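Notes follow the structure.
So that the names make sense, note that chain A is the first sequence line, chain B the second, and so on, each numbered from 1. Values in this document were obtained by computation on a predicted structure and should not be read as measured data.
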Amino acid sequence: MAQVSLTFPDGNQRAYPAGVTPGEVAADISKSLGKKAISAQVDGQHWDLQWPIEHDAAIAINTMSDRAPALELVRHDLAHIMARAVQELWPDVRVTIGPVIEHGWYYDFDRQEPFTPEDLGAIEKKMREIIAARDPVTTEVWERDRAIAHYTANNEPYKVELVEAIPGDEPLRMYWHGHWQDLCRGPHLQHTGQVPADAFKLMSVAGAYWRGDSSRAMLQRIYGVAFLNRAELKAHLHMLEEAAKRDHRKLGREMELFHMQEEAPGQVFWHPNGWTIYTALQDYMRRKQRAGGYNEINTPQVVDRKLWEASGHWDKYQHHMFIVEVDESRDGETDDAAVRDKTRTRINALKPMNCPCHVQVFNQGLKSYRDLPLRLAEFGSCARFEPSGALHGIMRVRGFTQDDAHIFCSEDQIQSECARFIDFLADVYRELGFPDFEIRFATRPEQRVGSDESWDYVEGALENAIKAVGRDYTLEPGDGAFYGPKLDFYLTDAIGRVWQCGTFQVDPNLPERLDASYIGQDGDKHRPYMLHRAVLGSFERFIGILIENWEGKLPFWMAPRQVVVASIVSDADDYCREVAAALQARGIRAETDLRNEKINYKVREHSVGKVPVILACGAREVEDRTVTVRRLGEKQTQNRALDDLANDLAREATPPDLA
RNA sequence: GCUGCUGUAGCUCAGAGGUAGAGCACUCCCUUGGUAAGGGAGAGGUCGAGAGUUCGAUUCUCUCCAGCAGCACCA
């Protein structure tokens, strides 16, 4: 009989009959390992305990203490257990797919009636019964015809479709969790009892398209989270609560930053406090850009469709544009709709992007190679008709302002401009409190314009630029824009969430379409490249990220209300006004709170409002010309001389680029 | 846009086929209080919009609008 030689992690080798399974190997090592085993790594591949090993291989047996495979298996088995529970409760439900995702899994079902929160409870209960039953998990490889016949007979059309989509040379694997069967790649646990019964929770149900295709059936997706023990589950649920606490929509209301209303969906009404943040950030970016060699411009919002036709947006982006039809016959003539000339109608669109307008600025007058690179920046207010379901607070809106710029340059300037931009962006992110960020390099997609040589050159230039500034990046092959490759910049917030903000895109296409040119050293006309770039992305979204990152407790220089001077007794009112005025004279955003309320009340209210510094003044402070300082989040107070404190606060209030 | 859910006072939410309630916030009064809510009184709502059923609709039905979760979208 043929033998296979298995090498264990400690270097030991043992011979087994070919076709031995990791489960048999584990049981051979020890009875307890045989029981504890959950799966194996065979030549680095995650391997089911039941799969035969036919060749010499390196093998390691996984148990629950091998975190990554354990989590993978627990979540994956839970997906099957949940699907089984659902079909036991409602036999007419059709099953589809149920993959493992970050923190847990989901499974998509086809069912007429919606699942209710009570249903989730019933499913969870049934799942615990299945786990308690310790049903064996078994597997078999089936022929395609058998699988199709089986699923056809059982009225599981989605499964039939899945089987048909699997390439003919790939074996079809079936898994049983007790009596319940599902098509699955595996691997799985030994039996359902290996799933920790107290470390999972069904979270929510939501719609999802079959195979992610919006033209196909809408299924119901049940999400679950699962961990290896109860403590981890609780920690995760606690983290979700933390994220909810940081929700910028909630903090925006509490801190009186902005509001939105149904007459202007997806657009922000900024209140004084929120606008203070906005302008502080914008003033900062304006200084940075000026120092970074950009020329700030401003371009129209309402632009004739002719320009959008020329730029290609009318063809490709029209459904995302706010289109404005203007009846020009009323121009200076009449307000009476009946006598207007309907033929004098002009079609405009609100700009969804600034680039075509920036080319118009570039195109004014003759440009020389000496003018390049020309960096035109605009805090460009754009309007995009985003799908209603995409809107989300101030993070995904229909009206927003980008920190946009376009760099017009020659081909051989792309690399240095890219390196220069990465440095610029890193500097801004660092100063704004995001020292770590990730670069993703998206290369040529299937559908593209331009020659392969040109793509080779430009992709090479970007790659060299990243290397020149000494940064790592991950590759996203095929994810570039149709006109050119791009770099996307992702920052990580205080609770580990990742946000794409910055971007750098090489575009030879739009200068061509809009006929931009410059005179080269040789006296001939040349086509410039256009580099689209943004650091923050949009002010609206970035401020949302800042609010959530800092939980509303923004750095002092951005805080909308930096100091509240609160009186303890009304005899201190005049002194409080004097203190506030002294701080205001130093450029600090200070207010007084002289209301007839106790200091406890005032402290609570301004703490909830995230005011970083509360200065309390009573009889003692008036007497000594001091203030008692209470910093947000600190219990302890500090008595300080007014002048001293004013110096400190003035320093703290200085934006990072001026410090 | 799609599926599901939601829409009642500024905010958070309760309620019911017979035109509405709480807490906080707000106004006034008492209180001058030393670091996360002092006490009392008062005012405040076309119950998201429109249509239908009904003697009567904020409540039931339909349509629309907006929000929430997810999906799709984010050249």
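With RNA chain B read from its 5' end, the first of the two nearest nucleotides for A:F385 and A:A619 is the one closest to A:F385.
Ranking B:rU35, B:rA25, B:rG67 by closeness to the A:L391 side chain, first place goes to B:rG67. When each of B:rC68, B:rA36, B:rA25 is scored by its nearest atom to the side-chain atoms of A:Y601, the top-ranked nucleotide is B:rA25. Distance from the side chain of A:P265 is smallest to B:rG67 among B:rG34, B:rC11, B:rG67. Checking B:rG34, B:rG38, B:rC26 against the side-chain heavy atoms of A:K598 singles out B:rG38 as nearest.
Other residues, nucleotides and ligands contribute over 12 non-hydrogen atoms within 6.0 Å of the CD atom of A:E263. No more than 12 heavy atoms of other residues, nucleotides or ligands shown are found within 6.0 angstrom of CD on A:E325.
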- Decide yes or no on ring-ring contact (aromatic ring centres under 6.0 Å, His included) for A:F489 and A:F421, but give the supporting numbers first. CA-CA 11 Å; A:F489 299 86; A:F421 174 71; 5.7 Å; yes
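Contact annotation for A:K602: no contact, since no heavy-atom pair falls under 4.0 Å across all strands.
Between A:H103 and A:F227, the two ring planes are tilted [angle within 30° to 60°].
Screening A:V611, A:L632, A:V563 for a side-chain contact (heavy atoms from CB on, under 4.5 Å) with A:H606, the sole residue that qualifies is A:V611.
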- Produce a footprint string for nucleotides 41-48 of chain B: one letter per nucleotide, 5' end first; B if the base is under 4.0 Å from any protein heavy atom, S if only the sugar-phosphate is, - if neither. --------
- Task: Summarise protein proximity over nucleotides 70-75 of chain B in one line of letters, 5' to 3': B for base, S for sugar-phosphate only, - for none, counting protein heavy atoms closer than 4.0 Å.
- Result: BBBBBB
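Taking only distance into account, the side chain of A:T637 never meets the base of B:rU35 through a donor-acceptor pair shorter than 3.5 Å.
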